[in-house]
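Every chain is numbered from 1 and lettered A, B, ... according to where its sequence line falls, protein lines coming before strand lines. What you see is a predicted model, and the numbers here were worked out from it, not measured in a lab. Any value given below was found using the heavy atoms of this structure, including those in side chains, with hydrogens, waters and symmetry copies removed.
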Amino acid sequence: MSSTPAGGRAGSVRVRFAPSPTGYLHVGSARTALFNWLFARRTGGTFVLRIEDTDTERNREEWVEGIFSSLAWLGLDADEGPYRQSERTGAYGAAVDQLWAAGMLYACGCSREEVESRTKGNAIPGYDGHCRELGLPREGRALRFRVPDAGNVVVKDVIRGEVDFPCEAIEDFVLVKSSGSPLFVLANVVDDIDMSITHVIRGEDLLPSTPKGLLVWKALRGEDAELPVFAHLPMLVNERRQKLSKRRDPVALESYREQGYLPQAMVNYLALLGWSHPDGHEMMQVGEILESFRLEDVNHSPAFFDVAKLTHLNGEHLRKLDREAFVEACSPWLTTERAPWPSDRFDAGRFRRIAPLVQERVATLAEVPGMVDFLFLDQPVIDDDAWRALTQDPGEAMVSAAMLTGVLEAVESCDWSAATLHDATLRVGESLGRKLGRAQAPVRVAITGRRVGPPLFESMELLGRDVVQARLKAALSLIGAEARPSTGAEAASAEGDPSRAGEVSAGNPEVSAGNPERSAGTG
RNA sequence: GGCCCCAUCGUCUAGUGGCCAAGGACACCACCCUCUCAAGGUGGAGACACGGGUUCGAAUCCCGUUGGGGCUGCCA
């Protein structure tokens, strides 16, 4: 019989991802699912999905749906399942009967408090075997596994080698609750046996419970039973190097999706946590990962989940998309309620034209709306800091006004293209002794509201002459109003020049939410 | 406390006894490119936890120490 590098039987690899639906899918669980999936696809094996929902108190159906949708988003398709432990109670009952009949279990009536008070201060922690020889009837009682007093259990782990656990350190653990429902170790092992699982790939936090599972496995299938090969993946940790926790760390896979991360970037990043490509390159599509993934190459040590690196990789994947795919990926951020403009103002054609310029400037999809909002808003939202930098100093305010005036004159009749707008702005700047870099700043803020964004002249071209003129005029009035030592009411009334009231409404800037009072359009 | 795991730049890692005065990537700094910002390019700073062995030779093997983490539930 031939053998895979990982020690399994070639061609018969069966792995499973077995989450407990007590919350949304956690990035650590997603990594576990991914490695199982990669190993299965690599070896031509079978990837089984199993829902471990034996704890009816904590499981909720909506979490099951969330797990399915997150796995689908990542593209981790199962070959079998989903099986549900809640539908397999018969199998667990039969296993319990078998173990009971063989004398491997005994009933225990001790409460947790009783056990604690008896064992406090013991060298060996945990249950003390109090009910072991009492011969209590099983009805209504918890059932404990009779752990051998001596000997040891060896866990064969592809990643960590052979890990030895002395039986003395393993307490007589509970397999069945007093209510009769099975606990993790029982259900997990019975399922792995029934589903012919050959490789158990899971988080390292499960390593300490593995000898218990192996004891149960042998009790059920005999001392010589063929045991699965294990692979305990290094934990994913936070900046304090603690296991990622649902309570204090941002671990919901779904939230990354909502923040504008691409599934292929998430898969890529997750694969890099504990594994690396032999060639050392990091930006990979799932196919490339698949080509060289080997379980035995997985690391031993914990890895910090670094959002900064994920974000960088996401940017790389974003830039790799062709224009249509990028536009498609952006769609949820542009056409739903979360877009910062009224949905009827969105112009798909216009976005499509600017998309390539946006694509190379964002690292997440969530950044896209803020980069193009000026194209779909009646009035650009003027950034407070940007505005102040251009107008606070009186001398600077004069130059800004001169720039705006000069460009306003130039755009009156020039050809309407990015190139001519560029040249015109350049010339106006030169007449004021400014290079284009500084010269374009007031124009950019007048047009887009921000000092950073997509290339300015392409943006102006897309906006059209009328809107550009209106926004330049509006910014000029705003500077004029602020320059006069007048009250806000007077400034606003000076604004109400009837000769251009109509067009101002289409291009008038409005100062950002940071200072909503100072709006040129108010009054 | 007990059992178990882990230990290379801030972070993710390459490295499996000589090719390592330790390589790459993210982050950071500088410069270049440049209409802003990105992207891109060039350069810089930055690590083998410590102590013993084994060996002609150790980041790599062994032991110990220290440090970090996990588990220790009638959760999974």
Side-chain angles (χ1 to χ4, degrees), chain A residues 18-22 52-55 57-59 108 110-112 115 121-126 141-144 155 157 159-160 163-166 168-171 173-185 187-188 202-211 232 234-235 237 239-243 269 272-283 299-313 315-316 319 357-363 367 371 386 418 421-422 425-426 429 435-441 443-445 448 450-458:
Chain A
S20 180
T22 56
E52 305 220 331
D53 54 354
T54 53
D55 187 347
E57 300 285 306
R58 309 201 313 153
N59 297 152
C108 171
C110 300
S111 69
R112 190 174 174 180
V115 175
N122 280 183
I124 296 175
R141 291 197 175 78
L143 266 30
R144 288 184 184 274
V155 177
D157 192 293
I159 297 170
R160 289 157 213 287
V163 185
D164 234 300
F165 293 87
E168 307 93 88
I170 305 173
E171 65 178 322
F173 52 93
V174 177
L175 267 191
V176 183
K177 293 195 203 185
S178 51
S179 67
S181 52
L183 252 11
F184 167 71
V185 174
N188 188 262
R202 53 183 5 176
E204 197 202 330
D205 50 343
L206 270 333
L207 184 52
S209 79
T210 305
H232 286 96
M235 302 304 296
V237 300
E239 56 289 327
R240 296 173 57 196
R241 309 220 57 90
Q242 291 165 324
K243 172 182 168 182
Y269 182 61
L272 255 18
L273 260 19
W275 177 83
S276 62
H277 188 98
D279 293 347
H281 66 282
E282 302 194 323
M283 158 60 177
N299 275 169
H300 303 171
S301 36
F304 170 57
F305 187 85
D306 186 358
V307 179
K309 185 146 185 176
L310 202 214
T311 303
H312 173 265
L313 265 182
E316 288 204 66
R319 272 172 258 128
L357 301 178
V358 173
Q359 188 171 4
E360 57 182 18
R361 287 175 168 74
V362 295
E367 295 169 49
M371 196 142 280
L421 289 165
H422 171 274
T425 307
L426 181 68
K435 289 185 178 175
L436 190 52
R438 286 187 71 192
Q440 57 89 46
V443 181
R444 176 181 295 280
V445 173
T448 72
R450 295 185 172 85
R451 48 177 143 198
V452 303
L456 179 59
F457 307 113
E458 281 81 351

What nucleic acid atoms does [X] come within less than 4.0 Å of, heavy atoms only: base, sugar-phosphate, or nothing?
X	value
T311(A)	nothing
A142(A)	base
E52(A)	sugar-phosphate
G274(A)	sugar-phosphate
L175(A)	nothing
F304(A)	sugar-phosphate

Who is the Watson-Crick or G-U wobble partner of [N], with both distances under 3.5 Å?
N	result
C33(B)	none
C56(B)	G18(B)
A47(B)	none
G67(B)	C6(B)

What does the B/S/- profile of nucleotides 30-40 of chain B look like, 5' to 3', with a 4.0 Å heavy-atom cutoff to protein? -----BBBBSS
With H232(A), which of R160(A), R202(A), E204(A) fulfils side chain to side chain donor-acceptor pair (under 3.5 Å)? R202(A)
Closest nucleotide among A14(B), G68(B), A76(B) to the S276(A) side chain: A14(B)
Against the side chain of R112(A), the closest entry in G73(B), A76(B), G69(B) is G73(B)
May I have the distance from F173(A) (atom CZ) to C71(B) (atom P), rounded to whole angstrom? 18 Å
Is a salt bridge present between R361(A) and E367(A), judged by a nitrogen-to-oxygen distance below 4.0 Å? no
N/O contacts under 3.5 Å, protein versus nucleotides 2-7 of chain B?
unit_1, atom_1, unit_2, atom_2, d
C5(B), O2', R160(A), NH1, 2.8
C5(B), O2', E204(A), OE2, 2.7

Taking C29(B) as the reference, what is the distance to U8(B) when you measure between their C1' atoms (whole Å, please)? 23 Å
